[in-house]
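Worksheet: the structure to be examined is printed underneath.
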Amino acid sequence: MLVYPSGIDLSSRTLKHLSALLAGHRRRIGSRWRRLTCGRQAMLVLAHLRCGDTYAGLAADFRIGIATAYRYIREAVDLLAALAPTLQQAMTTVRKKAYVILDGTVLPIDRIAADRPYYSGKKKHYGMNVQVLADPAGRLIWASDALPGAIHDLTAARVHGIPAALAEDGTKCWADKAYQGAGPAICVPIRGKHLRGWRRRYNRDHAKIRSLGERAMAILKSWRLLRKLRCSTTRITAVVRAVIALELAT
């Protein structure tokens, strides 16, 4: 098999953070000799998450077995996922902001026609629905657990308790038309075509504010694994939370 070097567009600080996390975990469990050092395991995990490299490709590059590559990646993802903030923890950060931006995305997955709960009628593909909160500059604050793609954004937000948490703290939130009826804390555009006067100006100003939330989505999807997930749907929440943990830590 041909092996070639590849770059990962992440800082050395991210590598050092994950390496230290893995080193601490190995000390806690009393792990002895392993095929890869903490630094090499961290590089393996980042190549998988950031570049979307497959287990087979990574196993060849790092000269380990496919099962070992899977085990190393799963171990690191679970460690990172445990560090991602819950919604209640994220509200501590939200309270310090003038407002936040709420948006949802459907992460593509490799499902088949039989898996109808995962089919998004809006996106026209199979996926998992993830809700994201961003600050006024478009930086990620929090991401929800993944739900089947057939679930509407408003329903997903209610399942995660986002409208209630925002209303309780009195935090203003900007969101798109999908969140109509979510509650007074969430500002949405005025529905209708050919709007005039103040309604048209309101929607224009609303779009300018909400558009910054697209930056948070772009940051999330810069982790190429999330552009086409081929793992079990039960593992997608852990992957998303691992990515959030890395973004917030560095």
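Keep in mind that the numbers below use all heavy atoms, side chains included, and drop hydrogens, waters and symmetry copies.
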Taking all heavy atoms of P148 and all of P117, pick out the closest pair and write down the distance. CB-O, 3.1 Å
Transitively linked via ILVMFWY side-chain contacts under 4.5 Å: L212 with L133? no
Are T250 and L10 packed together at the side-chain level, in the sense that at least one heavy-atom pair is separated by less than 4.5 angstrom? no
OH of Y179 to CD1 of I186, rounded to nearest 0.5 Å, is 8.0 Å
Hey, does W198 have a side-chain heavy atom less than 4.5 Å from the side chain of I190? yes
Candidate list R27, R34, R28, test side chain to side chain donor-acceptor pair (under 3.5 Å), partner S31, passing option: R34
Measure the OG1-CD distance between T155 and Q131 for me, rounded to the nearest 0.5 Å. 9.5 Å
Which other residues belong to the hydrophobic cluster containing V159, where Ile, Leu, Val, Met, Phe, Trp and Tyr are joined when side-chain heavy atoms lie under 4.5 Å apart, directly or via other members? L147, I151
Of all heavy-atom pairs between W223 and E247, which one has the smallest distance, and what is that distance? NE1-OE2, 2.8 Å
Evaluate L195 against R204 for side-chain contact (heavy atoms from CB on, under 4.5 Å), listing each step before the verdict. CA-CA 11 Å; L195 298 176; R204 183 180 61 235; over 6 Å; no
Enter the distance from D153:CG to K177:NZ here, rounded to the nearest 0.5 Å. 14.5 Å
So, do L46 and L246 sit near enough that their side-chain heavy atoms are less than 4.5 Å apart? yes
Closest heavy-atom pair and its distance - L44, A69: CD2-O, 4.1 Å
When clusters are formed by joining ILVMFWY residues with side-chain heavy atoms under 4.5 Å apart, either directly or through shared neighbours, do V132 and W174 land in the same one? no
For S19 and R40, does a side-chain donor sit closer than 3.5 Å to a side-chain acceptor? no
Decide yes or no for R199 and N203: does some side-chain heavy atom of the first lie under 4.5 Å from some side-chain heavy atom of the second? no
Below 4.5 Å, heavy atoms only, C-beta onward: do M128 and L229 meet side chain to side chain? no
Which atom pair, heavy atoms only, marks the closest approach of V130 to A143? CG1-CB, 4.2 Å
Write down the atom of I141, the atom of D135, and the distance for their closest heavy-atom approach. CD1-N, 3.6 Å
Parallel, tilted or perpendicular for H206 and Y202, by the 30°/60° rule? tilted
Is it true that L226 and I8 fall in one hydrophobic cluster, defined by side-chain heavy atoms closer than 4.5 Å? yes
Begin with the C-alpha distance, continue with both residues' side-chain angles, and end with the deciding distance and a verdict on salt bridge (charged side-chain N to carboxylate O under 4.0 Å, His left out) for K228 and D110. CA-CA 7 Å; K228 184 66 173 181; D110 60 342; over 6 Å; no
List the steps, then state whether salt bridge (charged side-chain N to carboxylate O under 4.0 Å, His left out) holds for D78 with R235. CA-CA 10 Å; D78 287 343; R235 292 292 302 163; 3.0 Å; yes
Say you draw a straight line from NE2 of H125 to OH of Y119; how long is it, rounded to the nearest 0.5 Å? 9.0 Å
For the atom pair CZ (R71) and CD1 (I66), what is the distance rounded to the nearest 0.5 Å? 12.5 Å
Measuring only between side-chain heavy atoms, which start at C-beta, is F62 closer than 4.5 Å to R35? no
Is it the case that more than 12 heavy atoms not belonging to R200 sit under 6.0 Å from its CZ atom? no
E168 CD: over 12 foreign heavy atoms closer than 6.0 Å: no
Listed pairs under 3.5 Å, donor-acceptor, residues 93-109 side chains, sequence neighbours left out:
residue : atom : partner : partner atom : Å
R95     : NE   : D169    : OD2          : 2.8
R95     : NH2  : D169    : OD2          : 3.2
T105    : OG1  : K221    : NZ           : 2.9

For a side-chain contact (heavy atoms from CB on, under 4.5 Å) with W142, tell me which candidate from H160, Q89, Q88, M91 qualifies. H160
Establish whether L87 and L140 are linked, either directly or via other cluster members, by ILVMFWY side-chain heavy-atom contacts under 4.5 Å. no
Are R241 and D145 side-chain neighbours, meaning at least one heavy-atom pair lies under 4.5 Å? yes
Find out whether S144 and V240 are in side-chain contact, i.e. whether some heavy atom of one side chain is under 4.5 Å from a heavy atom of the other. no
Rounded to the nearest 0.5 Å, how far does CG of L80 lie from CG of L49? 7.5 Å
Say whether L154 and V188 are linked into one hydrophobic cluster, either directly or through other cluster members, by side-chain heavy-atom distances under 4.5 angstrom. no
For the student: nearest non-hydrogen atoms of R210 and D176, plus distance: CD-N, 3.3 Å
